[in-house]
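What follows is a structure written as C-alpha cells; I'll ask about it next.
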Amino acid sequence: MDQYDVAIIGSGPGGYVAAIRCAQLGMKTAIIEKYSTLGGTCLNVGCIPSKALLDSSHHYEDATKHFEEHGIEIPGEIKVNLEKMIARKQGVVDQTTKGIEFLMDKNKITVYEGVGSFKDATHVNIKKNDGKTEEIEAKNIIIATGSKPSTLPFIKLDKERIITSTEALELKEIPKHMIVIGGGVIGLELGQVYKRLGAEVTVVEFMDRIIPGMDGALSKELTKVMKKQKVKFALSHKVKSVERKGDQVIVKADNKKGEEVVFEGDYCLVAVGRKPYTDGLNADAAGVKLDERGKVIVDEHLKTNVDNIYAIGDVIKGAMLAHKAEEEGTLVAEILAGQKPHIDYNLIPGVVYTWPEVAAVGKTEEELKEAGVAYKVGQFPMRALGRARASMDTDGFVKILADKKTDEVLGVHMVGARCADLIAEAVTAMEFRASAEDISRMSHAHPTYAEAVKEAALAATDDRALHV
Ligand SMILES: Cc1cc2nc3c(=O)[nH]c(=O)nc-3n(C[C@H](O)[C@H](O)[C@H](O)COP(=O)(O)OP(=O)(O)OC[C@H]3O[C@@H](n4cnc5c(N)ncnc54)[C@H](O)[C@@H]3O)c2cc1C
C-alpha cells in the first residue's frame, strides 16, 4: 500500500493549491480526483469557462453595439457562431486543466483518478472508473471535495431546459428567453452572457435586490446598468413552480403583494446557490462530523473533529470562492509543516464579472451601520475619469468607507470597468491597515481607472476629490 504524509481528496483550487504547498514544504503528497481532469468546479465548470464566455460575448456586444461609435465599420452582418464560441471556451478549460497536471508532475505529487472514500481516519479507498479499488495510507488527510449546484425542492432539473450553470456553459443554441432564478453572481454573469448573444433575459429574485450580500449601493448601480442593457428584473418574487411543456418552461412566482406572476421562456437557469459536496466520501468511517447543511465542521485551524483530518474550500463554512479555497489550502499545508499562518476572512474580495464589473472587500455600509461603527464615505464616479471617457466605460463608481475617527479604511466597494483587478489595491491597502489618506497620497498613474480609488480616498479623507 502506498503511504503519504498527506492525501488530499478533491483537486479544485483548494485541493490542488494545498497539494502544491504541501509538496513545496517537503511532504510526500497524493491528490485524489474523481474526474479525469484536475481543477475542480473552478477550472472545469466555474470560474474559467464562465469568464471565457463572458469575454467572447463581450467582444460580440462591442462589435455589434460599440464599434461604430469608435469609427469602426464592419461591412455585412456580424453573427455568433455559438458552437465555435463554446469550443473556444472548452479549449481554454483544457489548456488550464492540463496546466494543473503539469504542476502536479513538476511538484512530484501523485495523482489518483477515482472517488476517494474514507476507510478510517488514515486510509482512503480510491474507486476507479473501471471498478477497481486501491487503498492508500496517509498521516494527514485534507477534504477538498467542493460543492455542487443546489436547487429548490420543487424544481426538477432536466438539464436540457431547466438547467444549472454547468449546462448553461455549453448550450447548443442561444435561448429566446432565458429565465434566471437567482440574482446572485452566477445567475447575473451567465444571464449577461446570453443577453449579449441575443436572448431575452429575466432575472427572478426572492430578495428585494440583486447581489444581496454586497453593499446596497453596488446592487442599485448594477441593477440600473443591467436594466439599460435590457435585462429584466423581477425582484421580491418567490418562485413556487417550474414546469416544462415541450420546448417551453413556465415559471410561476408570487410577487410582494402575493399575486401570482407567470414567466414563460425556453430555458430556465436555476442559480440559487451551491451546496457542499460529500457524496461517496464516507466521512462517517473516519468519524468526521458535518453540520445540518452538510458542511464539514472545522475549527479556526480548519481542522475537523478528527485530529489528522482537515477540510478547506466550498465544503466548509464561508464564502464559496476559488481564492478563499486557495488561501485555505495554503494555510492547512503550512499548519501541517508546523508554521503559524493566518487568513483574514474580512479581506477576501468578492467579484462579479459582469460588465461593468463589481468588486468589494471589507465591511459593507449596512454592516457598519448594524455594528454601530461611526464611518465616513468617499465616493467617486467613473464618468469623471479621463480613462473611462476614452474607452466609453463610464458606468459605476468607487466607494470607500473609512473609520470616522481614525480614517482606517473599513470597506471598499466598486462598480466599473476592470474593478475585478482594481480591488487588489484595496485589499493590499487594508492588509496594511491603510487610512483613506494613505491611499489618497499615493501616486496613481494617469489616465487609469485606478485614479477613481485615489479620488474616492480623497473624498473620504476630507471631502476633497479633485475631479468632481
Ligand atoms: C459558474 C461558476 C462560476 C464561478 N466563478 C467564480 C469566480 O469567478 N471566482 C471565484 O472565486 N469563484 C467562482 N466560482 C466558485 C468556485 O468555482 C468555487 O468556489 C471553487 O471551485 C471551490 O473550490 P474547491 O477546491 O473547494 O472545490 P471544487 O472546485 O468544487 O473542487 C472539488 C473537487 O473535488 C472532487 N471530488 C468531490 N468528491 C470527491 C471524492 N469523493 N473523491 C475524489 N474527488 C472528489 C470534485 O470532482 C471536484 O473536482 C464559480 C462557480 C461557478 C459554478
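Along the sequence shown, residues carry numbers from 1. First listed ligand is number 1; within each ligand, the first listed atom is number 1.
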Notebook entry, point to check: Within the structure, does His323 bring an N/O atom to less than 3.5 angstrom of an N/O atom in ligand 1?
Noted result: yes
Check: For Val315, is the nearest heavy atom under 4.0 Å from an atom of ligand 1?
Finding: no
Margin query: If you define the side chain from C-beta out and look only at heavy atoms, does anything of Ile142 sit under 4.5 Å from Val6?
Written below: yes
Next item on the list: Report the part of Val45 (side chain from C-beta onward, or backbone N, CA, C, O) that has a heavy atom under 4.0 Å from ligand 1; answer both or neither where that applies.
Entry: backbone
Next item on the list: Name the closest protein heavy atom to atom 44 (N) of ligand 1, giving the residue it belongs to and the distance to 0.1 Å.
Entry: Lys34 N, 3.1 Å
Next item on the list: Kindly identify the option in Gly10, Gly329, Cys47 whose heavy atom sits closest to atom 16 (C) of ligand 1.
Entry: Cys47
Margin query: Suppose I only count heavy atoms of Leu321 and a 4.0 Å limit; which atoms of ligand 1 are within that range?
Written below: 10 (C), 11 (O), 12 (N), 19 (O)
Next item on the list: Check ligand 1 against Arg274 and write out every atom of the ligand that is under 4.0 Å from a heavy-atom position of the residue.
Entry: 53 (C)
Checklist line | Minimum-distance protein heavy atom relative to atom 29 (O) of ligand 1 | finding: Thr41 N, 2.9 Å
Check: What atoms of ligand 1 come within less than 4.0 Å of a heavy atom belonging to Cys42?
Finding: 17 (O), 21 (O), 29 (O)
Note to self: So if I count the atoms of ligand 1 from 1 in the order they appear, which ones are less than 4.0 Å from some heavy atom of Gly313?
What the structure shows: 26 (O)
Notebook entry, point to check: For ligand 1, which atoms, with element, lie under 4.0 Å from some heavy atom of Ser165?
Noted result: 1 (C), 53 (C)
Notebook entry, point to check: Looking at ligand 1, does any of its N/O atoms fall within less than 3.5 Å of an N/O of Ile9?
Noted result: no
Next item on the list: Answer yes or no: does an N/O atom from Glu189 fall short of 3.5 Å to an N/O atom of ligand 1?
Entry: no
Next item on the list: Considering only non-hydrogen protein atoms, determine which one is nearest to atom 2 (C) of ligand 1 and report residue, atom name and distance to 0.1 Å.
Entry: Gly46 CA, 3.3 Å
Notebook entry, point to check: Got the closest protein heavy atom to atom 49 (O) of ligand 1, with its distance?
Noted result: Glu33 OE1, 2.7 Å
Next item on the list: With heavy atoms of Tyr35 as the reference, note each atom of ligand 1 found under 4.0 Å away.
Entry: 47 (O)
Next item on the list: Consider only side-chain N and O atoms of Arg196 and Gln192, and report whether a donor and an acceptor are under 3.5 Å apart.
Entry: yes
Check: Considering the options Lys89, Lys159, Arg88, which one meets the salt bridge (Lys or Arg N to Asp or Glu O under 4.0 Å) requirement together with Glu170?
Finding: Lys89
Checklist line | Backbone or side-chain N or O of Val115 under 3.5 Å from ligand 1 N or O | finding: no
Margin query: If only side-chain N and O atoms count, and only distance matters, is there a donor-acceptor pair under 3.5 Å linking Asp120 with His123?
Written below: yes
Item checked: Proximal candidate to atom 20 (C) of ligand 1 [heavy atom criterion; set Gly12, Pro13, Ala325] -> Pro13
Checklist line | Geometric N/O contact Asp279 with ligand 1, under 3.5 angstrom | finding: no
Margin query: Within ligand 1, which atoms have a heavy atom of Tyr277 less than 4.0 Å away?
Written below: 37 (C), 38 (N)
